[in-house]
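Lettering follows sequence order; numbering is per chain, from 1. Nothing here was measured: the structure is a model prediction, and the numbers come from that model.
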Amino acid sequence: MTLCLYNTLSGRVEPFIPINPPDVTMYVCGVTVYDDCHMGHARAYVAFDLLKRVLTQCGYRVKHIQNFTDIDDKIIDRAQAQGESTTALTQRYIAAYHRDMGALGIIPAEAYPKATDYMPQMIDAIARLIATGGAYHINGTVYFRVGGCATYGELSNKDVSQLQNGARVEVDPSKAHPMDFVLWKPSKVGEPSWDSPWGPGRPGWHTECVAMVHATLGEHIDIHGGGADLVFPHHENELAQAKCLSHAPFANVWVHNGFIMVNDQKMSKSVGNFFTLRDVFSRYEPAVLRYFLLKTHYRAPISYSTETIDDAHAAYTRLASVLDRQDYDAAIPASKQGAFEARKAAFWQALYADLNVSVAIEQLFGVYDLIHAHGCGVSVLRELGQAIGLFDDESGQVPTVIRQLAADRIVARRAKAYERADQLRWAIGLGGYDLEDTRDGGYHVHKRHERCLMCDCRVESAVTVDADAGGDMDGIVGQETCIGCGFVWMVTLGFWRHMSAKSDAEKREQCRSVLVEGVVMGGFFYKTPQWLNAASAVYAKPGSHRLFYLNNNRIVGVNTQEV
RNA sequence: GGCGGCAUAGCCAAGUGGUAAGGCAGGGGUCUGCAAAACCCCUAUCCUCAGUUCGAUUCUGAGUGCCGCCUCCA
């Protein structure tokens with residue numbers, strides 16, 4: 001089976017043939033580090049992460065390089081506005097990039113070269129371009145001569161004479177031709193600058209990638225990639241420079257990913273319709289976002305909305321739920337092997353066909369059905385999912401206290417002590433877990449994903465058992481902490497059971513109606529000797545607690561205390 | 001103005017010259033101490049028109065609509 005990829009340069013899907021197998025060289029354009037990463041970045045790097053995983057599956061040794069553009073106008077403006085150095089600013093956002101992409105399960109590149117670390121190489125490249133007539137120097141500025149490159153426009157399929165020059169941006173009158181672009185620009189007073197034969201200044205954007213590709217991977221690489229918005233002018237300009245610097249073809253395959261759309265419009269900084277990954281992670285687990293980005297083919301646009309990501313959330317949650325079924329983790333009998341193998345084969349066949357993830361994920365659901373039908377094979381689902389970076393963060397670690405509660409419940413249930421069994425079920429629920437009985441009399445627990453009562457962000461659940469637990473089980477305390485606003489609420493099983501509302505949903509709503517009255521952040525219910533009539537709530541802020549005394553669900557007193 | 005892409009059920013989304021995967025949501029049922037889960041069943045003449053063909057959603061042409069690039073952008 002041969003991997004086939006769509007090549008922007010040829011406009012066709014073609015078999016992927018490495019230059020020096022089993023090595024594969026891949027350069028992916030990285031981010032300009034002056035802000036947090038947004039959904040568009042996630043989409044791009046999830047796409048290339050998938051490509052890298054599939055290449056690895058093919059048996060290739062992938063050397064993947066991805067740059068950080070850490071010097072440009074936006075970075076300088078942002079740093080000046082915030083009164084800090086460009087270095088401090090870029091270091092912070094490079095760290096943020098690694099944090100966010102790590103959460104998404106992106107396999108790190110082999111190296112992340114920074115533009116500022118390749119100044120000598122860029123200056124050398126520009127000097128060579130001038131020497132060959134591919135570029136010219138006017139008053140401290142160096143321009144690339146587009147007219148000097150016969151094949152200019154081949155990547156983006158553009159005819160230079162047909163472009164609307166200056167349609168949306170003013171053309172610099174000193175250029176020899178409107179399409180010529182800046183390779184080196186002089187710096188203004190107070191801006192970071194590097195010495196060069198053309199005076200102090202800094203490089204234009206398009207040169208860094210060429211210099212870094214040459215320095216880290218060589219003059220001829222297998223794959224060059226990035227978002228579709230980079231095709232023109234960025235990659236076109238890179239290609240033109242590379243061709244003037246070397247006779248090598250630069251990159252064999254150009255791979256570009258599609259956009260994230262919001263209300264049928266491209267998500268972009270300038271439009272302002274973007275969501276940072278931090279925002280999204282506060283509501284959805286990174287794994288859900290990865291699934292969401294993965295399930296649509298990498299070149300197709302993905303429309304982002306609450307509806308589409310909730311849809312993905314539901315699908316992913318169902319798929320992942322079976323991973324908790326330790327009872328289904330048995331070895332697959334020989335008679336069933338064929339069905340699982342067929343799914344695996346179809347999975348890889350789909351990915352080899354220009355990364356057809358939709359069909360690959362269909363196989364995941366097929367395996368899911370097989371697992372339920374035959375009571376085995378969880379390992380196959382885990383293996384295939386992990387091959388595309390899903391399920392990596394499934395810790396599957398159920399807290400000891402939850403395990404104990406579940407074990408106690410099954411004892412009670414078998415003894416038909418249903419009232420106690422139900423109390424234990426509630427207790428497990430308070431800790432953020434759901435318990436399900438299985439057909440054969442067993443059970444399993446899985447984490448439940450709740451939303452914050454205050455802001456609708458994700459919450460982390462925990463359950464604790466006081467020393468006096470047992471008996472009426474009032475000592476069982478569930479706690480939820482919002483990762484968005486920091487809201488904390490806590491309720492004992494006794495309190496929960498004696499609330500007037502009937503359903504859990506109504507009880508939650510009742511807790512909420514009490515809590516919102518006082519406040520903004522944080523808090524928990526806790527039992528008092530007379531908790532039925534006068535429960536107290538403690539609201540927590542960093543560094544202090546505030547105790548809200550409640551009576552008949554109304555706040556009757558407040559007491560702040562230092563922690 | 002130039003170039004490119006897309007139009008498939010309520011929503012998301014594959015795919016093939018021979019009458020359409022999968023997911024989500026919805027409806028009905030089986031099972032069940034409770035609660036779930038699971039399982040079964042149901043929901044599309046694939047934007048319009050013309051052409052090629054024995055046969056097109058799939059190929060060709062025209063049209064309509066939407067999107068992207070031609071500015072920084074993943």
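For B:A38, one of the phosphate oxygens OP1 or OP2 lies less than 4.0 angstrom from a side-chain nitrogen or oxygen of A:Arg318. Note on A:Lys266: a side-chain N or O is less than 4.0 Å away from OP1 or OP2 of B:C69. Side-chain nitrogen and oxygen atoms of A:Asn356 include none within less than 4.0 Å of the OP1 or OP2 phosphate oxygen of B:A14.
A distance of 6.0 Å or more separates the ring centres of A:His206 and A:His235. A distance of 6.0 Å or more separates the ring centres of A:Tyr93 and A:Tyr34. Aromatic ring centroids of A:His98 and A:Tyr112 lie under 6.0 Å apart.
In this model, no side-chain donor or acceptor of A:Arg343 finds a partner on the base of B:G22 within 3.5 Å. A donor and an acceptor atom sit less than 3.5 Å apart, one in the side chain of A:Arg425 and one in the base of B:A35. Checked by distance alone, A:Asp159 brings no side-chain donor or acceptor within 3.5 Å of a matching partner on the base of B:G2. A:Arg413 contributes a side-chain N or O that forms a donor-acceptor pair with the base of B:G33 under 3.5 Å. At a cut-off of 3.5 angstrom, the base of B:C12 holds no donor-acceptor pair with the side chain of A:Lys295.
Contact annotation for A:Asp422: base contact, defined as any heavy-atom pair under 4.0 Å involving a base atom. Counting any heavy atom pair closer than 4.0 Å across all strands shown, A:Asp264 reaches sugar-phosphate atoms only and no base atom. At the heavy-atom level, A:Thr296 lies under 4.0 Å from the strands shown only through sugar-phosphate atoms. Residue-level contact check: A:Lys269 touches neither bases nor backbone, having no heavy atom under 4.0 Å from any strand. Among the protein residues, A:Tyr418 comes within range of the nucleic acid bases, having at least one heavy atom under 4.0 Å from a base atom. Looking at heavy-atom distances under 4.0 Å, A:His297 makes contact with sugar-phosphate atoms alone, never a base.
Spacing of P atoms, B:G63 relative to B:G2, comes out at 13 Å, to the nearest Å. Spacing between B:A25 and B:U16 at atom C1', rounded to whole Å, works out to 28 Å. With both ends at atom P, the span from B:C47 to B:G15 equals 15 Å, rounded to whole Å.
Under the Watson-Crick or G-U wobble criterion, with both distances below 3.5 Å, B:A44 has no partner in any strand shown. As the counterpart of B:C3, B:G68 is assigned, both hydrogen-bonding distances of the Watson-Crick or G-U wobble pattern falling under 3.5 Å.
Relative to the side chain of A:Ser358, the nucleotides B:C72, B:A13, B:C70 differ in distance, and B:A13 lies closest.
Around NZ of A:Lys269, the count of heavy atoms belonging to other residues, nucleotides or ligands within 6.0 Å exceeds 12. Few gaps surround CZ on A:Arg53; more than 12 heavy atoms of other groups in view lie less than 6.0 Å from it.
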